[in-house]
Student: 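Structure in C-alpha cells, see below.
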Amino acid sequence: MTATAGRVLRQLAHDPRTIALLVIVPVLLITLLRYVFDGAAGTFDSIGASLLGIFPLITMFLVTSIATLRERTSGTLERLLSLPLGKGGLIGGYALAFGAVAVVQSALATAVSVWLLGLDVAGSPWLLLLVALLDALLGTALGLFVSAFAASEFQAVQFMPAVIFPQLLLCGLFTPREAMHPVLEAISNVLPMSYAVDGMNQVLHHTGVTGDFVRDVVVVAGSALLVLCLGAVTLRRRTP
C-alpha cells in the first residue's frame, strides 16, 4: 500500500498542471468569491465556509477519477494486480497518496480563507480544516469508485453531473434543506455533501463542538470509508 502511494505521489510530482488544479485552484476560487462579495462580508462568511468544503471534494473527485482511469487504460492496474497485491491494498495506496495531497490542499485553503481573506468563524479553524480534509477524502473515494465504470477519461468527467451536481444543488448551499420540497429534503438527508456543508456551518455559528458537528463528521468519514470499500469490490483485474 505504501509502495503504491509513493509511486502515485512521484507521478503527481512530475505533473505541475495537476498539482496546480489540486492545490492552487481551490484557493483562487475562494479568493475570487471573497471579492465577488467584497461589499457584503457577511455573505462571504456564510457561503465561503460551505465552499471551503465543497471545492476540495470536487477537485479531488475530478483528478482522482481521471488519474485512476488513466492507469487502468494504460495497463498499469492490470500489471499491479498480477502481483501478490490485494485490491484493498491497491485502493488504500491510492487513497493514502491522494489523502496526503488533500491534507496540503485543505490546509492551504483553510489558512488563506481564515487568515488572509478574513473568513469569520465562531469555532476553531482547526475544525474547519478537519471537515475540509474529510470532504477531500470523500471526493477521492468517489473518484476511485466511479473510475471503475468509465471506459475513457471523457466518461469519467461525465460522471460529475451525475454524482456531484445533484449533491451540490441539494446540500443546502443555495437554500436551507428544510425549505425544500419534502421529497428533495429526504434525498438530501442521505447525501454526504449535505453533512459536509452542515459541518462547516456548525463551525461557522458555534464556538464549541456540537452534537450535530460530531454527527456530520462521522457521516462524511463513514461515507468515504464505505465508498472506498465499494471501490475495492468493483475494481476489476482485467480491463475490458
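Since the model is a prediction, treat every value here as computed from it, not as a measurement.
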Student: Treating His181 as the side-chain partner and Val183 as the backbone partner, does any N or O pair qualify as donor plus acceptor under 3.5 Å?
Tutor: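 Yes; judged by distance alone, with no hydrogens or angles, the pair exists.
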
Student: Measure the CG-CZ distance between Leu32 and Phe37 for me, rounded to the nearest 0.5 Å.
Tutor: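 Rounded to the nearest 0.5 Å, the CG-CZ separation comes out at 10.0 Å.
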
Student: Contact between Ile54 and Cys171 at the side-chain level, heavy atoms closer than 4.5 Å - yes or no?
Tutor: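 Contact flag for Ile54/Cys171 side chains = yes.
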
Student: Considering non-hydrogen atoms only, spot the tightest contact between Ser50 and Val197 and give its length.
Tutor: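 Taking Ser50 first and Val197 second, the nearest heavy atoms are OG-CG1, 3.5 Å.
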
Student: Report yes if the side chains of Ile164 and Leu57 come closer than 4.5 Å at any heavy-atom pair, otherwise no.
Tutor: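 With C-beta onward as the side chain, the pair touches.
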
Student: Minimum heavy-atom separation for Ala13 to Ile19, with atom names?
Tutor: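 Heavy-atom minimum between the residues: CA-CD1, 4.0 Å.
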
Student: Taking side-chain hydrogen bond (donor to acceptor under 3.5 Å, both in side chains) as the cut-off, I'd like each qualifying pair that reaches into residues 95-118, sequence neighbours left out, listed once.
Tutor: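 Residue pairs passing side-chain hydrogen bond (donor to acceptor under 3.5 Å, both in side chains), neighbours aside: Thr59-Gln105.
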
Student: Over all heavy atoms of both residues, which pair between Val114 and Pro125 is shortest? Give the atoms and the distance, please.
Tutor: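 Where Val114 meets Pro125 most closely, the heavy atoms are CG1-CG, 4.1 Å.
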
Student: For the CG atom of Asp38 and the OG1 atom of Thr43, what is their distance to the nearest 0.5 Å?
Tutor: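 Between Asp38 CG and Thr43 OG1, I get 11.5 Å after rounding to 0.5 Å.
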
Student: Looking at Pro192 and Leu138, what are the two nearest heavy atoms and their distance?
Tutor: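 So the two residues come closest at CB-CD2, 3.5 Å.
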
Student: Could you tell me the separation between the CG atom of Leu62 and the CD1 atom of Ile58, rounded to the nearest 0.5 Å?
Tutor: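 Nearest 0.5 Å value for the CG-CD1 distance: 9.5 Å.
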
Student: Nearest 0.5 angstrom please: Leu142 CG to Thr64 OG1, how far?
Tutor: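 Reported to 0.5 Å precision, the distance equals 9.5 Å.
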
Student: Could you grab the distance from atom CZ of Phe165 to atom CG of Leu170, nearest 0.5 Å is fine?
Tutor: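 CG of Leu170 is found 13.5 Å from CZ of Phe165.
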
Student: Please answer: with hydrophobic residues joined when any side-chain heavy atoms are less than 4.5 Å apart, are Phe174 and Leu33 in the same cluster?
Tutor: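 Yes, same cluster.
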
Student: Evaluate the side-chain proximity of Leu51 to Leu29: yes if any heavy-atom separation is below 4.5 Å, no if none is.
Tutor: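 The answer is no, as the side chains (C-beta and beyond) never meet within the 4.5 Å cut-off.
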
Student: Which heavy atom of Met180 sits nearest to which heavy atom of Thr175, and what is that distance?
Tutor: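 Taking Met180 first and Thr175 second, the nearest heavy atoms are CE-O, 3.9 Å.
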
Student: Could you see if Val163 belongs to whatever hydrophobic cluster contains Leu184? Use Ile, Leu, Val, Met, Phe, Trp, Tyr and a side-chain cutoff under 4.5 Å.
Tutor: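 No.
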
Student: According to a hydrophobic-cluster definition based on side-chain heavy atoms being under 4.5 Å apart (Ile, Leu, Val, Met, Phe, Trp, Tyr only), do Phe98 and Leu225 belong together?
Tutor: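 The answer is no; the residues belong to distinct hydrophobic clusters.
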
Student: Which residue in the set Thr31, Ile30, Ile24 passes side chain to side chain contact (heavy atoms under 4.5 Å, CB included) when paired with Val27?
Tutor: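 It is Thr31, the one option of Thr31, Ile30, Ile24 that forms the side chain to side chain contact (heavy atoms under 4.5 Å, CB included) with Val27.
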
Student: Asp135 and Met200: which non-hydrogen atoms are nearest, and at how many Å?
Tutor: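 Heavy-atom minimum between the residues: OD2-CE, 4.4 Å.
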
Student: Test of understanding: clusters of I, L, V, M, F, W, Y form through side-chain heavy atoms closer than 4.5 Å, transitively. Do Leu129 and Val112 belong to the same one?
Tutor: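 No, Leu129 does not connect to Val112 through the hydrophobic network.
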
Student: Do Tyr35 and Phe44 make a side-chain contact, defined as non-hydrogen atoms from C-beta onward lying under 4.5 Å apart?
Tutor: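 No, every pair of side-chain atoms sits at 4.5 Å or beyond.
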
Student: Is the backbone N or O of Val190 less than 3.5 Å from a side-chain atom of Tyr195, with the two atoms forming a donor-acceptor pair by type?
Tutor: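 Not confirmed, Tyr195 side chain does not pair with Val190 backbone.
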
Student: When you compare the side chain of Arg215 with that of Val218, does any pair of heavy atoms fall below 4.5 Å?
Tutor: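 No, side chains not in contact.
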
Student: Does any non-hydrogen side-chain atom of Val104 lie less than 4.5 Å from one of Leu22?
Tutor: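 The answer is no, as the side chains (C-beta and beyond) never meet within the 4.5 Å cut-off.
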
Student: Can you measure from CG (Leu228) to OG1 (Thr140) and round to the nearest 0.5 angstrom?
Tutor: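 One gets 8.0 Å once the value is rounded to the nearest 0.5 Å.
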
Student: Membership question, hydrophobic clusters at under 4.5 Å side-chain separation (ILVMFWY): are Met160 and Leu191 in the same one?
Tutor: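 Different clusters.
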
Student: With no hydrogens and no angle check, is any side-chain donor or acceptor of Arg177 less than 3.5 Å from a backbone partner on Gly172?
Tutor: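 Side chain of Arg177 to backbone of Gly172, a donor-acceptor pair under 3.5 Å: no, none is there.
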
Student: Does the Gln167 side chain pair with the main chain of Met193, one donor and one acceptor, at a distance under 3.5 Å?
Tutor: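 Checked: pair present.
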
Student: Side chain of Asp45, backbone of Asp120: donor and acceptor closer than 3.5 Å?
Tutor: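 Yes; at least one donor-acceptor contact below 3.5 Å.
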
Student: Between Leu128 and Leu52, is a side chain to side chain contact (heavy atoms under 4.5 Å, CB included) present by the stated rule, with each step listed?
Tutor: CA-CA 8 Å; Leu128 278 183; Leu52 189 59; 4.2 Å; yes

